[in-house]
Each structure stands twice: as C-alpha cells, then as structure tokens.
J.: 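Provided herewith is a single structure, encoded as structure tokens, for subsequent inquiry.
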Amino acid sequence: MQKKVIVTRQWPEAVEQALSEKYDTTFNTSDQPFSSEKLQHALCNADAVLTTVTDKLDAAVFNSTGLTAQIIGNYGVGVSHIDLAAATANNITVTNTPDVLSECTADIAMTLMLMVHRRAAEGEREIRKGSWTGWRPTHMIGSRMSGKTLGIIGFGRIGREMAKRAHAGFGMPIIAYNRSTIDPSALAAVNATQVDSIESLLSQADVVSLHCPGGQTNQHLINAERLALMKPTAFIINTARGEVIDETALVQALSNRQIAGAGLDVFEKEPTLTAGLTDLDNAVLLPHLGSSTRETREEMGFRVLKNIDEYFSHSEPSDRVHP
Ligand code: DGY
C-alpha cells in the first residue's frame, strides 16, 4: 500500500507530480497556511507530513495520542518552527533541505548588501514616483562596498557561499564568528579570519551578514547593546531568521542613524513587520526571497522527496535533523 503524504503548501508542479507518482498524496491547492488544528490533523492522518517555514509545529501540535506520522520532511533548511524535541519524543524523524539553497540565499544576501550600500531601492522609488530631476554630482550618494570588511556570523554552508562572493567579487576582507572552530582550509580559501566573539566582529566590520540558525538559542542575538557596538557607517544584513535580530531595537538604531542601514529578507513576525520599519529609507526589505529561484525551489522539493524515499526504504534519510 502507498504511504500517505500530506503537503502543507503548494509546491513546484514538477515535484508535486513526482510525489504523486509514488505516494498517496494530499496537496494544498488553496495554498493557505495550515492552522495548528490542521497540522495536528495531518500528523494524525499521514505517514509523512511535508511542512515548511510557515507551519508552526510547537509542542502542543504534537500533543495527541493519535499521531501516525513517522517523518516530517521540511521544505527548507531552517527548522526553528519545529519543536524537534517534541517530534523526537513522538518518534517522528525530521529532515530538511541543506546545500541546494546555499548559493541562492547568498545571492540574496549579496543583493541586499549592494542595494543598501548603493541606495538602490531608494533610487528605484524616486524614479517610479517621477521625482528624478537628472544626474548631479551630489545626488543619492551611497557607500562603496568593494574592499570593505565583511563580518559573517555563522560560517556554515550559506556563510561560506557569501564569503566566496565577497572575497572573489568585491575584494572584501572577511572576519567570521562561528560557535565551533572553522576548518582552517575553509578560512584560507577566502582569506578570512575567525574572531572569538560577536562583540569583536561587530566593532570591526563595515557590514555584518547573519547566517546562523534561528530558534531560541539565537533569539535576539543582535540586540540594542550589540547594535551599539557597530560602526555608525556599518550595515547589517539578515537572510537567516527574523528572530535573530531584535527588530524594535533595529528600527531604533536605524532611525537614530546609529548604524548606516539594514538589508532584511526575514522578519520577526512574518509577514507582519515591526512598526516604523517601512518608513525607513535606510532599510531595504525583501519578502523572504532567499531560496526563491525556480531551480532551487524544485531542488528543495526533490530533496524532500529523496529524504522520504530513503526513510521509507531503509529508515535513514540523508538530511535527518537532530534536536
Ligand atoms: C529556509 O530554507 O530555511 C528558507 O528560509 C525557507 O524556509
């Protein structure tokens, strides 16, 4: 008998097609996010539930005697929306989709970094408003990005892709903070130096890019005190998870010009934004587009498919996430 698979959001057509050829699938044709009740219902009616970042799988969702799911195949690399301990306590395996989105996420971080240095969003808005009066030497002066020091927090797959781009394309000296010691050859490849504290990185960097996981451990890792350590000319880029930055403190730091600017692809309460953020010209805001290319979104889906295939054939999926 085919395994029953429930998919919580609409996925690329090619992946849904491939899933339906192997499994007894239920797709979300309306693409409305699942409520907690619907998530619990899925966990009690399927062998595999294929979730994503918009599904809040907290302990309460797992609190049922009728759970049938054996695997949660998460579409995305970040799993801070899943209570991993509760999943494990209920013998549910969780997998994610690393590697396939590292390049595109680094590309979006680079996009934000360039946009905020060169005031690209402001310039676009000026043209669309019809208020551009023509070239002049003092018009919309930004900051040079080439050669500036990039501070990377979290030197995993995405952080390293970011470092590659900054080093090879923009000649940027790189400093990195990571909880564990970084392999010296990975540092040498991009001529980077590991620093031993976030404080030291924040005070030295001209631009800080966040590539650490979200979740409780890194909640408000960047808070008011830490923002105060940054140079007044420095920028911060977040393509990791919204909760890593205290968004209220960031709005304050940006409106006081305590730091020069921010480029954000993720937000604390997506899709709701903290009051004041959209009023700031020195904030470039994107709607969580990190992995959103046709190629990557398909690869993410096929990676989930590979994980559930592996799970159902021999129980050990390649991308099992441990609590
Ligand atoms: C990821 O992979 O974590 C993306 O942010 C989408 O969830």
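Computation of the quantities below employed the complete heavy-atom set of this structure, encompassing side-chain atoms and omitting hydrogens, waters and symmetry-equivalent molecules. Both ligands and their constituent atoms are indexed starting at 1 by order of listing. Counting begins at 1 with the first residue of the sequence. A quick note: this is a predicted structure, and the numbers were derived from the prediction, not measured.
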J.: Go through ligand 1 atom by atom and flag the ones less than 4.0 Å from a non-hydrogen atom of Gly78.
T.: 1 (C), 2 (O), 3 (O)
J.: Angle class for the Trp132/His139 ring planes (parallel below 30°, perpendicular above 60°, tilted otherwise)?
T.: parallel
J.: Would you say that more than 12 heavy atoms from the other residues, nucleotides or ligands in this model lie under 6.0 Å from the CZ of Arg144, or not?
T.: no
J.: Using a 3.5 Å distance criterion without hydrogens, assess whether the side chain of Thr296 forms a donor-acceptor pair with backbone atoms of Ser292.
T.: no
J.: So which protein heavy atom does atom 1 (C) of ligand 1 come closest to, and at what separation?
T.: Val77 N, 3.4 Å
J.: Students should be able to answer this: which protein heavy-atom is nearest to atom 3 (O) of ligand 1, and at what distance?
T.: Arg241 NH2, 2.7 Å
J.: Pick, from His81, His288, Met300, Arg297, the option with the minimum heavy-atom distance to atom 5 (O) of ligand 1.
T.: His288
J.: Which of these, Leu50, Val5, Val7, sits in a side chain to side chain contact (heavy atoms under 4.5 Å, CB included) with Phe27?
T.: Val7
J.: With a cut-off of 4.0 Å, which atoms of ligand 1 are near a heavy atom of Val53?
T.: 7 (O)
J.: Does CZ belonging to Arg297 count more than 12 external heavy atoms closer than 6.0 Å?
T.: yes
J.: Within a strict 4.5 Å, meaning less than it, do heavy atoms of the Ile152 and His211 side chains meet?
T.: yes
J.: Once you restrict to heavy atoms under 4.0 Å, what part of Leu101 touches ligand 1? Side chain, backbone, both or neither.
T.: side chain
J.: Need the ligand 1 atom indices (1-based, order shown) with element for anything under 4.0 Å from a heavy-atom of Gly76.
T.: 1 (C), 2 (O)
